[in-house]
Amino acid sequence: MEDKKIPVIIDTDPGVDDALAIMIAAASDKIDLLGITPVDGNVSAVFTHKNALNLVSFLGIDADVAEGGYDQLVYRYGRYASSHGAEGMGGVELPQSDRKFHELRAWDYIYEKAKEHNGELVIIAIGPLTNIARTLIMHPDIKPMIKKIVMMGGSTERGNVTPYAEFNFIVDPPAAKVVFESGIPLVMAGLNVTLKTGISFDFIGSLAKESGSKIGGMLNELIHGYSDVNINKEGEKSSVVHDAIAVAYVIDPTKLETEEDRIEIQTERFCEGTWGQSKVVSGEPNCTVITDIDMDYYRQLYRDTVEHFSNLK
Ligand code: BDR
Ligand code: CA
């Protein structure tokens with residue numbers, strides 16, 4: 001008997017690595033991608049919404065796009081992320097979509113889908129946590145209806161905006177705090193794992209060449225247009241596709257290593273270094289923290305994605 005697909009909503013700020021994460025999720029036969037809820041983050045929400053609509057239209061992804069937040073719970077910290085290009089897609093131009101948003105806003109959409117899926121809904125949150133926090137504040141009875149929130153954000157080690165804070169969390173720390181105090185099962189793909197598991201330029205280049213397909217070229221172009229570059233744990237020059245690690249966990253958690261931690265989000269602005277930090281403290285764990293991933297498994301997800309969208313013209 002075929003396994004039931006996991007009902008998933010992706011909350012996101014596309015974003016190059018967001019776009020790649022969405023593509024991997026849409027290509028997976030383990031995931032039923034119900035909807036996408038864009039949020040202000042890497043670039044202004046005007047662009048993240050436009051990018052989400054254009055992406056689902058261009059790729060023919062059968063998922064709703066429900067309009068999310070244009071601003072943070074309290075206020076936005078700092079600049080947009082220059083690593084994603086001026087409009088968020090690293091310079092890749094997608095055709096303008098004429099798709100409309102779903103009739104519900106993100107927080108009401110998530111609530112309705114959680115009720116419909118009876119405790120099985122998984123949220124993959126790969127942008128600042130504004131929409132998710134707003135959902136929890138507006139619909140507090142949703143908590144037992146969400147199976148888990150798998151997020152890219154935070155770090156148990158260094159940050160990437162300040163010494164300790166990661167981008168998604170520092171854009172809206174009060175939102176991250178609401179999520180971490182919700183009691184919902186949480187899984188965190190933080191910088192402690194994403195920075196060492198970049199996808200190598202050589203791999204993605206050969207994948208594009210071998211496939212000779214439009215989608216292979218698009219992946220290659222996205223990855224080259226994204227300036228978050230690091231040396232991965234295999235010693236290769238790589239593009240850090242942070243958000244895809246959260247999707248990889250949902251597809252097959254047995255291929256990732258984790259630890260259980262108690263994380264507190266720092267929302268006191270004593271100094272720049274701790275605002276938005278995901279600090280590991282002692283006490284009852286409230287989060288599964290991803291610490292590593294099997295790179296062969298991870299690379300296979302990119303091959304599967306190219307295969308899935310191989311008919312794209
Ligand atoms: C996170 O911030 C964004 O720039 C990426 O899309 C990712 O979600 C990494 O810190
Ligand atoms: Ca993101």
Side-chain angles (χ1 to χ4, degrees), residues 8-25 36-45 47-52 55 65 68-69 72 76-92 106 123-132 149-173 175-176 179 186-199 222-223 225-230 232 238-250 263 265 275-278 289-290 293:
V8 162
I9 292 176
I10 300 188
D11 187 76
T12 174
D13 59 337
V16 174
D17 59 332
D18 299 77
L20 291 161
I22 292 168
M23 289 157 79
I24 293 171
I36 294 176
T37 52
V39 69
D40 187 74
N42 284 318
V43 283
S44 140
F47 292 127
T48 62
H49 283 82
K50 183 179 117 184
N51 292 341
L55 200 65
V65 179
Q72 287 60 48
R76 182 177 172 118
Y77 175 90
R79 291 182 296 268
Y80 290 110
S82 57
S83 48
H84 299 258
E87 295 193 6
M89 297 303 282
V92 169
I123 297 175
I124 303 181
I126 52 178
L129 289 162
T130 318
N131 287 339
I132 308 302
I149 300 174
V150 182
M151 67 191 105
M152 190 285 134
S155 178
T156 53
E157 296 163 7
R158 56 175 265 209
N160 60 356
V161 176
T162 67
Y164 297 106
E166 179 278 335
F167 181 82
N168 287 339
F169 284 11
I170 205 171
V171 167
D172 198 344
V179 172
L186 303 177
V187 181
M188 181 177 111
L191 298 174
N192 54 290
V193 63
T194 64
L195 287 175
K196 65 180 179 190
T197 54
I199 204 82
L222 277 169
I223 283 189
Y226 184 40
S227 56
D228 211 338
V229 177
N230 207 2
N232 69 13
S238 66
S239 174
V240 187
V241 192
H242 303 275
D243 294 339
I245 301 290
V247 174
Y249 178 88
V250 173
I263 304 267
I265 306 298
W275 165 252
Q277 181 189 358
S278 46
V289 172
I290 301 173
I293 186 170

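Just so you know, ligand 1 is whichever comes first in the structure, and atom 1 is the first atom listed for that ligand. As the structure is a prediction and not an experimental result, all values here were calculated from the model.
Checking only distances, I126 does come within under 3.5 Å of ligand 1, N or O to N or O. Checked by distance only, ligand 1 and N160 come closer than 3.5 Å through their nitrogen or oxygen atoms. For ligand 1, the polar-atom distance check against D243 finds a nitrogen or oxygen pair separated by under 3.5 Å. Between S83 and ligand 1, no N or O atom pair is found at a separation short of 3.5 Å. Where the criterion is an N or O separation shorter than 3.5 Å, residue side chain and backbone included, N42 meets it with respect to ligand 1.
The distance from ligand 1 to the heavy atoms of D17 drops below 4.0 Å at these ligand atoms: 5 (C), 6 (O), 7 (C), 8 (O).
The residue from N42, T48, N51 that alone fulfils the side-chain hydrogen bond (donor to acceptor under 3.5 Å, both in side chains) condition with D13 is N42.
Ring geometry for H242 against Y226 counts as perpendicular: the plane angle is over 60°, on a 0 to 90° scale with 30° as the lower cut.
Nearest protein heavy-atom contact of atom 9 (C) of ligand 1 is E166 OE2, 3.2 Å. The protein heavy-atom contact nearest to atom 2 (O) of ligand 1 is F167 CD2, 3.3 Å.
The side-chain heavy atoms of I245 and Y249, taken from C-beta on, include no pair separated by under 4.5 Å. Contact of the S238 side chain with the I199 side chain is not registered, since no non-hydrogen atoms from C-beta on lie closer than 4.5 Å. For the pair T130/D40, no side-chain contact is recorded, criterion being any heavy-atom separation below 4.5 Å from C-beta on. The side-chain heavy atoms of T156 and I263, taken from C-beta on, include a pair separated by under 4.5 Å. Side chains of W275 and T162 form no contact here, defined as non-hydrogen atoms less than 4.5 Å apart.
Checking D18 against the Ca ion (ligand 2), an N/O/S atom falls under the 3.0 Å cut-off. For I126, the nearest N, O or S atom to the Ca ion (ligand 2) falls under 3.0 Å.
D243 contributes OD2 as its N, O or S atom closest to the Ca ion (ligand 2). Closest to the Ca ion (ligand 2) among the N, O or S atoms of D13 is OD1.
In this structure, the side chain of D228 does not engage the main chain of S83 through any donor-acceptor pair within 3.5 Å.
Residue contacts with ligand 1, taken as heavy atom pairs separated by less than 4.0 Å, involve D18 solely via side-chain atoms from C-beta onward.
One distance of note links CD1 of I124 with OG1 of T12; it measures 10.5 Å at 0.5 Å rounding.
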